[in-house]
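Comments concern the structure below.
Order of the sequence lines sets the chain letters (A, B, ...), proteins ahead of strands, with each chain counted from 1.
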2 protein chains.
Amino acid sequence: MSIEARRDVFQAIADPTRRQIISLIANKSMNLNSIADNFNISRPAISQHIKILTECGMVVVRQEGRERFCEAKLDGLSEVSNWVDQYKQFWNEKFDSLGSYLERIQADNQSNEEPNAD
Amino acid sequence: MSIEARRDVFQAIADPTRRQIISLIANKSMNLNSIADNFNISRPAISQHIKILTECGMVVVRQEGRERFCEAKLDGLSEVSNWVDQYKQFWNEKFDSLGSYLERIQADNQSNEEPNAD
DNA sequence: TGTATATGTAAGTATTTGCTTACGCAACTT
DNA sequence: AAGTTGCGTAAGCAAATACTTACATATACA
């Protein structure tokens with residue numbers, strides 16, 4: 001429980017269980033028990049993960065009768081993507097040509113804040 | 001100091017201070033004190049963050065006299081990028097249009113005028 | 001040589017995390 | 001109405017995290 005302080009996307013995806021949950025519900029909404037069936041940890045633990053994902057906007061819950069369907073809203077991942085993309089130039093050897101091309105265009109179109117020198 | 005168990009890249013970049021460190025040294029190596037100058041936390045705290053980043057391969061340290069220059073090795077970010085990229089289809093409306101556009105011109109790239117591809 | 005500089009690391013601490021079990025409640029089923 | 005199902009949440013706990021101060025060590029410099 002504690003406080004739900006700085007729930008940001010980076011922290012949300014830091015946990016492997018949460019990444020798996022995202023992976024599970026990315027394509028289709030699932031109710032909580034169905035999600036929990038895929039893990040060895042308890043249902044309340046999954047419920048808490050869902051709560052965290054909800055708090056940072058990665059999941060929206062739609063109630064349907066007594067079930068609650070969890071739907072992924074992955075727009076927040078763009079924050080991660082944008083952050084990582086700044087550094088693609090430092091490792092993009094293994095990136096496919098279209099991808100890197102697209103990234104370059106994208107980097108051109110958006111005004112990123114740059115790593116600041118002193 | 002507990003154990004340095006599952007140091008993975010996702011967890012490494014979950015901390016905002018570590019993201020700032022990466023941002024600082026992405027372009028140029030810096031010694032530890034220079035890095036620490038940019039933060040309000042103590043030098044040992046920075047040293048510990050560097051250690052974590054080193055343990056997951058994001059930073060390599062090169063000793064030079066009594067200084068230790070920290071150099072970013074951001075290849076590990078590709079793991080994050082690849083993971084996020086799986087879900088790009090779920091959030092990249094603006095990205096998607098550009099992407100499909102690029103795919104089109106990539107498919108028959110002699111018939112289209114391109115954006116400023118650098 | 002002695003001292004300042006650059007740094008690692010240990011020890012201690014407060015907070016956060018990720019889990020558990022226990023319980024409560026609303027919504028279906030019979 | 002009574003039981004079952006689906007779920008949230010509280011309480012408790014072990015471990016991890018992010019810091020601090022104190023100290024050790026190696027290098028540079030006078």
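Rounded to a whole Å, the CD1 atom of B:I46 is 13 Å from the C1' atom of D:dT20. Following rounding to the nearest Å, B:L32 (CG) and C:dA6 (P) show an atom-to-atom distance of 11 Å. Rounded to an integer number of Å, the gap from CZ of B:R18 to C1' of D:dA16 is 12 Å. Here the P atom of nucleotide D:dG8 and the CD1 atom of A:I52 are 13 Å apart, to the nearest Å. We find that CD of B:E67 is positioned 13 Å from P of C:dT5, with the value rounded to whole Å. Separating the CG atom of B:D15 from the P atom of C:dT15 is a distance of 17 Å, rounded to the nearest angstrom. Between A:D37 atom CG and D:dT5 atom P the separation is 14 Å, expressed in whole Å. When rounded to the nearest whole Å, the span between CD of A:E55 and C1' of C:dT16 equals 14 Å.
Closest-nucleotide positions on DNA chain D for B:H49 and B:R43 were compared, and the one nearer the 5' end corresponds to B:H49. Of the two residues near DNA chain C, A:E64 and B:M30, the one whose nearest nucleotide lies more 5' is B:M30.
In terms of phosphate contacts, A:S42 brings a side-chain nitrogen or oxygen within less than 4.0 Å of OP1 or OP2 of C:dT20. At C:dT17, one or more side-chain N or O atoms of A:Q11 fall inside 4.0 Å of OP1 or OP2 (strictly under the cut-off). Checking the phosphate oxygens (OP1, OP2) of C:dT7, no side-chain nitrogen or oxygen of B:S47 falls inside 4.0 Å. Taking only side-chain nitrogens and oxygens, B:R68 comes nearer than 4.0 Å to OP1 or OP2 of C:dG8. Look at A:N33 and you'll find a side-chain N or O under 4.0 angstrom from OP1 or OP2 of D:dC7.
Interatomic distance, CG of B:L24 versus CZ of B:R18, reported as 14.5 Å (0.5 Å rounding). Rounded to the nearest 0.5 angstrom, B:T54 OG1 and B:R7 CZ are separated by 11.0 Å.
Candidate nucleotides D:dT21, C:dC19, C:dA4 were compared by shortest atom distance to the side chain of B:R66, and C:dA4 ranks first. Taking only side-chain atoms of B:P44, from C-beta outward, the nucleotide of C:dA6, C:dT9, D:dA11 with the closest atom is C:dT9.
Note on A:I41 and A:I22: same hydrophobic cluster, where clusters join Ile, Leu, Val, Met, Phe, Trp and Tyr whose side-chain heavy atoms are under 4.5 Å apart, directly or indirectly.
Between A:E71 and A:K73, none of the side-chain N atoms (NZ, or NE/NH1/NH2) sits under 4.0 Å from a carboxylate O, so this pair counts as no salt bridge.
Side-chain atoms of A:S34 and A:D37 form no donor-acceptor pair, as typed in the model, at a separation below 3.5 Å.
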